[in-house]
Amino acid sequence: FDCLEELRAQGVVLDEVLYNSLMDACVHCGAVGDAERLFHQMKKEGICPSAVAFSIVMKGLGRCGRLDAAVNYLSEMDASGVAANAVIF
């Protein structure tokens with residue numbers, strides 16, 4: 001993602017809040033695949049996704065009918081020790 005490189009070049013610290021905002025924007029634009037890529041990039045950079053990050057991706061997957069993939073993220077969330085809360089439901 002070019003925007004991430006631009007932010008890094010400007011000295012912006014890439015944290016979960018920033019990733020969540022970008023993922024949410026992708027979901028709202030219908031670019032769920034991009035939201036998934038950002039989710040995996042965030043994890044690759046050592047940022048542990050919270051329930052909010054998981055819910056953003058699951059919301060996008062649900063909206064585009066990819067319910068099996070959404071359930072996989074729910075399983076991954078559980079395996080990661082992230083508790084489901086009111087944000088998820």
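- Residues forming a side-chain contact (heavy atoms from CB on, under 4.5 Å) with Asp34 (at least two apart in sequence, or on another chain): Phe1, Cys26, Ala31, Arg37.
- Closest approach of Gly60 and Val27 over heavy atoms only: CA-CG1, 3.6 Å.
- Proximity of Val57 to Leu38: side-chain heavy atoms (C-beta onward) are nowhere separated by under 4.5 Å.
- The aromatic rings of His40 and Tyr73 sit tilted, their planes meeting at an angle between 30° and 60°.
- Within the 4.5 Å cutoff, side-chain heavy atoms of Met77 are placed close to those of Met58.
- Leu67 is linked by a side-chain contact (heavy atoms from CB on, under 4.5 Å) to nothing, counting only residues two or more places apart in sequence or in another chain.
- In this structure, CD1 on Ile47 lies 6.5 Å from CE on Met42, to the nearest 0.5 angstrom.
- In the hydrophobic clustering of this structure, Val12 groups with Leu4; members are Ile, Leu, Val, Met, Phe, Trp, Tyr whose side-chain heavy atoms approach within less than 4.5 Å, directly or through other members.
- For Phe39 and Phe54, the ring centers sit closer than 6.0 Å to each other.
- Note that CG of Asn72 is 9.0 Å distant from CG of Leu61, once rounded to the nearest 0.5 Å.
- Taking every heavy atom of both residues into account, Ala83 and Ala51 meet most closely at O-CB, 3.9 Å.
- Applying the salt bridge (Lys or Arg N to Asp or Glu O under 4.0 Å) test to residues at least two apart or on different chains, none of the pairs has a partner in residues 13-23.
- To the nearest 0.5 Å, atom CG of residue Leu74 and atom OG of residue Ser55 are 11.0 Å apart.
- Take Gln10 and apply the side-chain hydrogen bond (donor to acceptor under 3.5 Å, both in side chains) test, not counting sequence neighbours, and it matches no residue.
- Every side-chain contact (heavy atoms from CB on, under 4.5 Å) that Cys64 has, sequence neighbours left out, goes to Val32, Arg66.
- At distances below 3.5 Å, not a single donor-acceptor pair connects side-chain atoms of Ser80 with backbone N or O atoms of Val82.
- Applying the salt bridge (Lys or Arg N to Asp or Glu O under 4.0 Å) test to residues at least two apart or on different chains, the pairs with a partner in residues 38-60 are Arg8-Glu45, Asp24-Lys59, Lys43-Glu76.
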Do Gln41 and Met23 pass the side chain to side chain contact (heavy atoms under 4.5 Å, CB included) test, and can you show the C-alpha distance, the side-chain angles, and the key distance before you say yes or no? CA-CA 11 Å; Gln41 179 66 32; Met23 288 187 297; over 6 Å; no
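- To the nearest 0.5 Å, atom CG of residue Leu14 and atom SG of residue Cys3 are 9.0 Å apart.
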